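Have a look at the structure below, then the notes.
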Amino acid sequence: MSKKIRVRFAPSPTGFMHIGNIRIALMNYVFAHQKSGTCVLRVEDTDLERNVAEASVSLIKMLRWLSLNYDEGPVKGGKYGPYIQSERTSIYKKYLDEMIQNQLVYRCFCTREELEKKREEQVAAGLPPRYDRTCLYLSDDKIKEKIEAGLSFIWRFKINQESIIEIETMERGVLKFDMKNFSDFAVTRSDGSVTFLFSNFVDDHSMKISHVIRGEDHLSNTAMQAALYVACACPLPKFWHLPMLCGADGKKLSKRDFGFGIQDLKDAGFLPMAILNYVAILGTSFEQEIQSLGELVSNFNFENISSSGAIKFDMEKLRWINHKWIERVAISKLVELVKPFLNDQIDESLTLSDKKLEFILEKVRTDLKTLVDIGPVLCFYFKRPIVDIQEIEEKFGVDKTKFVLKIIKENICLINKTEQFLDISKKQAKDYGLKLNVFFGTIRYLLTGRFNGISIHDLFEILPDEELEARLNIKNSI
Ligand code: GLU
């Protein structure tokens, strides 16, 4: 029987979830769900200097907002927990003790300054910077002496530089690393805490992770971690390194690029399903581009992964997908998503019932590119527009304006009978030789302050009769 599929998303709580992270979280989710596997969330918070308070909570909330639910992880728990690295110290200690016993690691007393000096000398001599193994060759007496003198040390992993390490990847097949190109690396820090390379390996192994799906920036870490697996006689997982995202200029995306941060996108009115949909189709080709999470789980082809180099982040495409999702999502969900944006922009909207908002939204949803657009699109409903006859005259000409206003005035008594009002008015407009866009454009302008936009029928349905009457009842001399 094949090994059970277990994947993990392992973010560091640095306070910034970006589109690259989410792509990795999504691919883990889709892979696990398609293969009836398990998706684990692990918070990698061992680097105290980079941790941001509350970031773990906010990343869990963000995953929830995106509906990227996990099977095991913080809060939820599971058989292989704890799922927060800072709570796994005793597990790391056990692995480290075993490695110490098997002489796979050694104490290194070199100071930061000494290491830096050696590095500079190597670089100046045109050599690749490698730890020169000064401490590997210390005698037992010397080590004892240094410990007694209270010198701080780290544990360094002794790489077998004679070895070639092979890893199996989903994107590049088997990769071989000549370990003579790698330096003995630290598995602990001088304060005793463990490094990313070590804790990440221990966790993947002890959590029985079968596939490590992560960013290409971890490729060189993979080689070093694979050396740990081999040294500890642990079976290696399979890897998939996803390409990095870059901007239109080809540079790696950064915090400064709008759209990179998920919170920015959320605040700018992007739908969670649109974000997921966009990151899923990045760098792949789908006949049908708009897909829900469930559809992605069914349709994503993991047999066909290639390493495509960096992928360009295209804000316009994301906007287009967002627009498609605003048209597609269930109306009740759209109400829930759009309400905070509407309430933020228009105080009067606070009293609007969900039912009414649903009714109106059905008619205007195609005008929204992002949820922020709801304010400008719907403000006509809450506030009478300030209109000026001169603007109509400038657009359609003085004579035509006069006729349109005359028709409206004559038929305004029929305003509560929409069809009748429109039929009679249209007929009269024809008699005056007016094009329908002149007639409808004027009505739309009087009702909304804009010549283009929502259909007249929809406007008549959305606005109460007395409001229609008040807005169309232009007091001017015709
Ligand atoms: N904590 C690492 C990061 O946020 C991820 C490591 C991994 O996926 O293996 O980059």
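Every number for a ligand or one of its atoms is a count from 1 in the order of the listing. Values below: every heavy atom of this structure, side chains too, minus hydrogens, waters and symmetry copies. In this text the structure is predicted, and so the values were computed from the model without any measurement.
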Query raised in the report: For the rings on Phe313 and Phe260, is their centre-to-centre separation under 6.0 Å?
Result: no

Query raised in the report: Looking at Phe196 versus His218, is the centre-to-centre ring distance below 6.0 Å?
Result: yes

Requested in this report: Check ligand 1 against Arg8 and write out every atom of the ligand that is under 4.0 Å from a heavy-atom position of the residue.
Outcome: 7 (C), 8 (O), 9 (O)

**Report entry** Closest protein heavy atom (residue, atom, distance) for atom 10 (O) of ligand 1
**Finding:** His218 NE2, 3.0 Å

Query raised in the report: Is there a heavy atom in Phe196 that sits closer than 4.0 Å to ligand 1?
Result: yes

Query raised in the report: Which ligand 1 atoms does Arg214 reach within 4.0 Å, using its non-hydrogen atoms?
Result: 7 (C), 8 (O), 9 (O)

Requested in this report: Answer yes or no for Arg450 and Phe380: cation-pi contact, defined as NZ/CZ to six-membered ring centre under 6.0 Å and angle to ring axis within 45°.
Outcome: no

Requested in this report: Determine whether more than 12 heavy atoms belonging to other residues, nucleotides or ligands lie under 6.0 Å from atom NZ of Lys117.
Outcome: no

**Report entry** Contact atoms of ligand 1, heavy-atom distance to Glu44 under 4.0 Å
**Finding:** 1 (N), 2 (C), 5 (C), 6 (C)

Query raised in the report: If you measure only the distance, is there a donor-acceptor pair under 3.5 Å linking the side chains of Thr448 and Arg444?
Result: no

Query raised in the report: Would you say Ala10 has any N or O atom under 3.5 Å from an N or O of ligand 1, going by distance alone?
Result: yes

Query raised in the report: Which ligand 1 atoms are under 4.0 Å away from a heavy-atom of Asn200?
Result: 6 (C), 7 (C), 9 (O)

Requested in this report: Evaluate whether atom CZ of Arg119 has more than 12 neighbouring non-hydrogen atoms of other residues, nucleotides or ligands under 6.0 angstrom away.
Outcome: no

Report task. Under 4.0 Å from a heavy atom of Ser12: give me the atoms of ligand 1 that qualify, with their elements. Result -> 1 (N), 2 (C), 3 (C), 4 (O)

